[in-house]
Amino acid sequence: MPELPEVEVVRLGLVDYVVGRTIVDAVVHDIRSVRRHLAGPHDFLAQVIGSTVVGARRRGKYLWLPLDSGDAIVVHLGMSGQMLVQAPSVAAPKHLRISFALGDGVELRFVDQRIFGGMFVSPAGAELPAEIAHIARDPLDPAFDRDDFASRIKRRKTGIKRALLDQTLISGVGNIYADESLWRSKLHFARPTEKLRRVEIDRVVVAATDVMTEALAQGGTSFDALYVNVNGQSGCFDRSLDAYGQEGLPCVRCGTLIRRDPFMNRSSYSCPVCQPRPRHPR
DNA sequence: GCTTGCGCCTGAATGC
DNA sequence: TGCATTCAGGCGCAAG
């Protein structure tokens with residue numbers, strides 16, 4: 001699934017191949033992909049057709065394309081979303097949900113198998129769409145404020161992993177990078193946030209920043225001219241994961257077998273020795 | 001106000 | 001073999 005580095009690679013692709021172009025036509029193939037556009041698919045099309053894309057921006061895993069109208073097309077890739085720049089003659093991919101004709105034989109295609117993602121138009125949202133203003137900055141954002149993050153974390157009464165997955169505290173961290181960041185910083189996912197020391201909070205933020213930076217460095221190299229691809233499952237990134245999905249494999253730090261615990265109807269992977277369970281977990 | 005849990009969705013993997 | 005169930009995940013929203 002697209003994690004923050006993949007989303008950033010998509011943004012870079014959009015900057016290269018979509019910004020500056022005018023949407024001459026568009027088709028919504030599946031209305032569920034515009035379900036967050038409350039005025040409906042016809043209004044969505046009316047808002048975008050004829051507009052020129054003047055930028056490609058990102059906050060966390062949200063992307064938005066500011067238009068010359070001052071509005072913005074907000075995009076979330078969800079679990080399986082892709083943005084493909086292809087010639088119209090290329091056969092329509094399975095799960096094609098929305099397509100934009102950009103003229104000169106270029107089409108922007110939104111492909112999304114599971115429809116967790118989608119698009120909507122944010123009125124006057126060019127600078128920062130109001131609908132995503134509650135999303136915190138991500139650790140790769142130069143304006144990310146570590147002091148503010150630390151003080152907000154300590155005011156929470158929950159486990160550190162839940163906090164890492166909370167978009168209003170820090171954005172862009174999904175289940176995979178949460179587990180990787182906690183493994184690197186040697187913190188158990190159920191450590192109570194209010195009892196964390198500042199040095200521990202800083203450690204996990206640095207770890208998250210490093211994991212994402214490394215993934216981004218790898219992803220940036222596999223970019224193809226006419227193909228803005230961001231499907232993590234296709235192996236766009238050769239992620240070297242130390243914890244996530246490593247159940248039963250030895251921890252590369254101490255050799256203890258990585259374990260999997262149920263967590264929020266999903267899984268948490270951790271090293272039982274490097275990341276000792278707290279006495280009073282949350 | 002803050003925290004927690006559900007439902008959305010598809011297809012691969014697993015179970016009987 | 002074939003059908004049914006489980007799992008994966010981000011995010012908005014409702015409930016506690």
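Quick note on labels: first sequence line is chain A, next is B, and so on, each numbered from 1.
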Fill in the blank from the handout: The ring pair (Phe, Tyr, Trp, His ring centres under 6.0 Å) partners of A:Phe110 (sequence neighbours excluded) come to none
Exercise for the section: Give a yes/no answer on whether the side chain of A:Asn265 brings an N or O atom under 4.0 Å of OP1 or OP2 in B:dC6. Expected result: yes
Practice task
Quickly work out the A:Met264 CE to C:dA8 P distance and round it to whole Å.
Solution key: 13 Å
Practice task
Please check if the distance between the ring centroids of A:Phe44 and A:His37 is under 6.0 Å.
Solution key: yes
Every protein N/O lying under 3.5 Å from an N/O of nucleotides 8-11 of chain B:
unit_1: B:dC9; atom_1: O2; unit_2: A:Arg114; atom_2: NE; d: 3.3
unit_1: B:dT10; atom_1: OP1; unit_2: A:Arg32; atom_2: NH1; d: 3.0
unit_1: B:dT10; atom_1: OP1; unit_2: A:Arg32; atom_2: NH2; d: 3.2
unit_1: B:dT10; atom_1: O2; unit_2: A:Arg114; atom_2: NE; d: 3.1
unit_1: B:dG11; atom_1: OP1; unit_2: A:His95; atom_2: NE2; d: 3.0

Practice task
For A:Arg266 and B:dC6, give me the distance from atom CZ to atom P, rounded to whole Å.
Solution key: 12 Å
Problem - Electrostatic pair A:Asp145:A:Arg137 at N-O distance under 4.0 angstrom - result: no
Handout entry: d(NE2, A:His134; C1', C:dG12) in whole Å
Key = 8 Å
Problem - Separation of B:dT3 C1' from A:Arg162 CZ (nearest whole Å) - result: 8 Å
Practice task
Take the C1' atoms of the five end pairs on each side of the helix from B:dC2-C:dG16 to B:dC16-C:dG2, get both axes, and report the angle to 10 degrees.
Solution key: 60°
Exercise for the section: Quick one: label A:Phe263 by what it contacts on the DNA or RNA (base, sugar-phosphate, nothing), any heavy atom closer than 4.0 Å. Expected result: nothing
Fill in the blank from the handout: Winner on side-chain proximity to A:Lys157, out of C:dG10, B:dT3, C:dA8, is B:dT3
Practice task
Without swapping roles, check the side chain of A:Glu180 against the backbone of A:Asp242 for a donor-acceptor pair under 3.5 Å.
Solution key: yes
Problem - Test side chain to side chain contact (heavy atoms under 4.5 Å, CB included) applied to A:Phe189 and A:Arg162, A:Gln275, A:Arg277, A:Met264, the passing residue - result: A:Arg277
Problem - Whole-Å distance separating the CD atom of A:Gln167 from the C1' atom of C:dC13 - result: 15 Å
Practice task
Establish, with yes or no, whether the OP1 or OP2 oxygen of C:dG12 is under 4.0 angstrom from a side-chain nitrogen or oxygen of A:Tyr62.
Solution key: yes
Fill in the blank from the handout: On a heavy-atom basis, the closest approach of A:Arg146 and A:Val205 is NE-CG1, 3.8 Å
Exercise for the section: Could you go through the side chain to side chain donor-acceptor pair (under 3.5 Å) check for A:Asp261 and A:Ser268 one step at a time? Expected result: CA-CA 5 Å; A:Asp261 292 287; A:Ser268 263; over 6 Å; no
Problem - A:Lys61 vs C:dG10: side-chain N/O to OP1/OP2 distance below 4.0 Å - result: yes
Handout entry: Distance, rounded to the nearest Å, where A:Met79 contributes CE and C:dG12 contributes P
Key = 15 Å
Problem - salt_bridge(A:Lys61, A:Glu3) N-O dist < 4.0 Å - result: yes
Handout entry: C:dA8 phosphate, OP1 or OP2, under 4.0 Å from A:Ser267 side-chain N/O
Key = yes
Exercise for the section: Using atom CD1 of A:Ile135 as one end and atom C1' of C:dG10 as the other, report the distance to the nearest whole Å. Expected result: 10 Å
Handout entry: Ion pair A:Arg36/A:Glu131, N-O distance below 4.0 Å
Key = no
Completion exercise
Taken to the nearest whole Å, CZ/A:Arg152 to C1'/B:dT3 is 14 Å
